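Below: the structure, in structure tokens.
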Amino acid sequence: MKRLRGLSFALAAAAATLFIGTPTYAGEHRFGVIVGDHVQADPSATPHFGCESRPFDLSKGLYCYTPPAIRAAYGVQSLINNGANGAGQTIVILDAFGSPTIQADLQVFDTLFGIPAPPSFQVITMPGTPPFDPSNGNMVGWTSEIALDVQWTHAMAPGASIVLVAAASNNDSDLIDGLNFAIDNHLGNVISMSFGESEIGLANPAGLDIVASWTAAFKRARENHITLFVSSGDQGVDTQGFGTPSASFPSTSPLVVSVGGTNLRFGTATNAAINGSYQFEQVWDDPADNNNIAAYTFGAGGGGMSFLFSQPDYQKSNVPKAVNKTLHGYRGVPDLAYNAGVAGGVIAYWGVGGGFYIFGGTSAGAPQWAGIIADINSALGRPVGFINPWLYRLGGHGGLTSSFHDITIGNNGFDNVPGYPATPGYDLSTGWGTPNFGSLAVMLSNPPVDSGDPGSDP
């Protein structure tokens, strides 16, 4: 029940079967957001939340971040200041069921933080979606994911339009229908997907058919120069608590960008601070991040080795030899990372839950990376498309040192399943690291150009 801290009793009861029930198997995805404390805003104060200035040692409770701190930590404010704010771009967020409060939630978030409303915010509810049922824990849980995804995509790309595609359910077939709808109707050039399921449940004929359907959609996305971001999971190398390494699909697909998790320290040497500076990051791995305080054990960044997908050439040719030896010719994840800790989580307004909460999980990274790529697309005047071949080529030749934070502390072991350590360069806990776009010129000096051919690795 740790993920339900701060929720009302009624909501906790409604969501209990989702958070503490039987792990999800093939055919059904679970979202990756983790809900932390319910916090109170003071619109007249700076900062607006007490958690924005708490100690990193958790002696005063969970510390948190709001848009100014995250933008500063990752250099996104520099992109926005230089006019790269996502203008002219549309970001698609794929989630399940929808949320009855999401338009109002975004308005509350924007008002508090002084962010202009997006040029357009459209919600597309797929045919067959059932009416919202507040007693259904699955539906309630997805509204928290939607709140996080929409608000923090917008925080990173305030000039971009947003389309939320609400699939009829969190079953594979319905989510695939939603993705295909977005691709077929050219809704946007960047798509965020913060959900997943263990590859273990897909290692059977029916599961492989599911993988093939997703792969067909991903190939068409690449042909249309759409960038796909997928969160890598929140239980380290053991995606859904099987007690053995099992990476999260669809983040393991070689046709998507897999986003792992870190725990960010932004502020002073000892405290979070809205006007502070980037201190360091380590792999998101509770309880190691949280002084072994059991009450603050939430999860760890997903990563490791796929057993469904062969290692793509763009990865094999550019990662350290030790990583290739570990992977044995199979796809490794994640590709890159972002802040995911609930200690150090981000603030979002969740109307269904009754207010502002601290949110964490790798779910926080996929939509924010989508926003950042929309910013870059707006600066370039074209979509960058699939970025992995470019990302790995630059990383393999040392070309990411000025535009990424290389994470070298920690590992993503969790719940007695050993993980992978962070090391210089690429690793199986944080990929190539987190963004450090302090200078727009750095990113635009060698922009990614993708052929759009799913069979090529330039």
Side-chain angles (χ1 to χ4, degrees), residues 65-89 91 113 115 152-160 189-190 192 227-229 257-267 274-281 334-340 344 346 362 364-408 425-426 430-450:
Y65 299 119
T66 55
I70 295 295
R71 286 177 176 179
Y74 291 139
V76 179
Q77 191 62 54
S78 175
L79 291 177
I80 294 171
N81 291 345
N82 281 280
N85 66 353
Q89 306 299 309
I91 302 165
F113 295 115
I115 302 173
W152 278 87
T153 291
H154 182 50
M156 295 300 106
N189 292 319
V190 189
S192 173
T227 312
L228 304 171
F229 287 98
V257 185
S258 174
V259 183
T262 67
N263 193 276
L264 170 67
R265 302 295 198 275
F266 179 89
I274 190 172
N275 294 317
S277 60
Y278 180 92
Q279 301 295 313
F280 69 94
E281 283 174 276
D335 299 307
L336 35 71
Y338 209 88
N339 179 48
V346 295
T362 56
Q368 291 186 72
W369 262 110
I372 290 170
I373 291 299
D375 293 338
I376 294 170
N377 286 350
S378 70
L380 293 173
R382 62 170 178 82
V384 296
F386 184 51
I387 65 172
N388 280 9
W390 164 85
L391 177 73
Y392 279 84
R393 186 171 64 249
L394 276 184
H397 292 84
L400 297 177
T401 55
S402 60
S403 54
F404 275 69
H405 298 290
D406 186 10
I407 313 304
T408 59
Y426 179 87
T430 61
W432 292 106
T434 61
N436 180 27
F437 300 142
S439 171
L440 181 62
V442 171
M443 197 63 200
L444 300 185
S445 62
N446 188 14
V449 177
D450 182 52

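FYI, side chains are in, hydrogens and waters are out, and symmetry mates aren't considered; it's all heavy atoms of this structure. Treat the numbers as computed from the prediction; the structure is a model and nothing was measured.
Taking both residues in full, the closest heavy atoms of G260 and P334 are given as N-CB, 3.4 Å, listed atom of the first, atom of the second, then distance. Across A370 and S192, no two heavy atoms sit closer than the pair CB-CB, 4.0 Å. For G261 against T430, the heavy-atom pair with the smallest separation is O-CG2, 4.0 Å. What you find for A157 and G86 is that their closest heavy atoms are CB-CA, 4.4 Å.
Listed by first and then second residue, the side chain to side chain donor-acceptor pair (under 3.5 Å) pairs involving residues 364-375 are Y338-Q368 (not counting sequence neighbours).
Between N436 and Y74, the closest side-chain pair of non-hydrogen atoms is not below 4.5 Å. Side-chain contact between N263 and E281 is absent, with no heavy atoms from C-beta onward closer than 4.5 Å. Side-chain contact between I80 and P158 is present, with heavy atoms from C-beta onward closer than 4.5 Å. Looking at heavy atoms from C-beta onward, P435 lies out of side-chain contact with V76 at the 4.5 angstrom threshold. Side-chain contact between Y392 and I387: absent, with no pair of heavy atoms (C-beta onward) separated by less than 4.5 Å. Using a 4.5 Å heavy-atom cutoff, the side chains of T362 and V259 are not in contact. Residues D406 and T401 form no side-chain contact, since every pair of their non-hydrogen atoms from C-beta on lies 4.5 Å or further apart. Side-chain contact check for F229 versus T227: some heavy-atom pair is nearer than 4.5 Å.
Q89 places no side-chain N or O within donor-acceptor distance of the main-chain N or O of N189, the cut-off being under 3.5 Å. Distance alone, capped at 3.5 Å, is enough to place a donor-acceptor pair between the T153 side chain and the P367 backbone. In this structure a side-chain-to-backbone donor-acceptor pair under 3.5 Å is present from N377 to V384. Checking side-chain atoms of R71 against main-chain N and O of S78 turns up no donor-acceptor pair under 3.5 Å. Side-chain atoms of N82 never come within 3.5 Å of backbone atoms of A84 as a donor-acceptor pair (strictly under, hydrogens ignored).
Distance check: S403 OG to L391 CG gives 9.0 Å after rounding to the nearest 0.5 Å. Atom CG of L400 is separated from atom CH2 of W390 by 6.5 Å, given to the nearest 0.5 angstrom. Here the CD atom belonging to Q77 is positioned 14.5 Å from the CZ atom belonging to F437, to the nearest 0.5 angstrom.
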### Message
Pair N339, I70 - check side-chain contact (heavy atoms from CB on, under 4.5 Å), show working.
### Response
CA-CA 9 Å; N339 179 48; I70 295 295; 4.1 Å; yes
### Query
Between L336 and T434, does a side-chain contact (heavy atoms from CB on, under 4.5 Å) hold up when you go through it step by step?
CA-CA 6 Å; L336 35 71; T434 61; over 6 Å; no
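Of the N and O atoms on the side chains of D335 and Y426, not one donor lies less than 3.5 Å from an acceptor on the other residue.
Every residue meeting the side chain to side chain contact (heavy atoms under 4.5 Å, CB included) condition with A73, not counting sequence neighbours, appears here in chain and number order: L264, F266, Y278.
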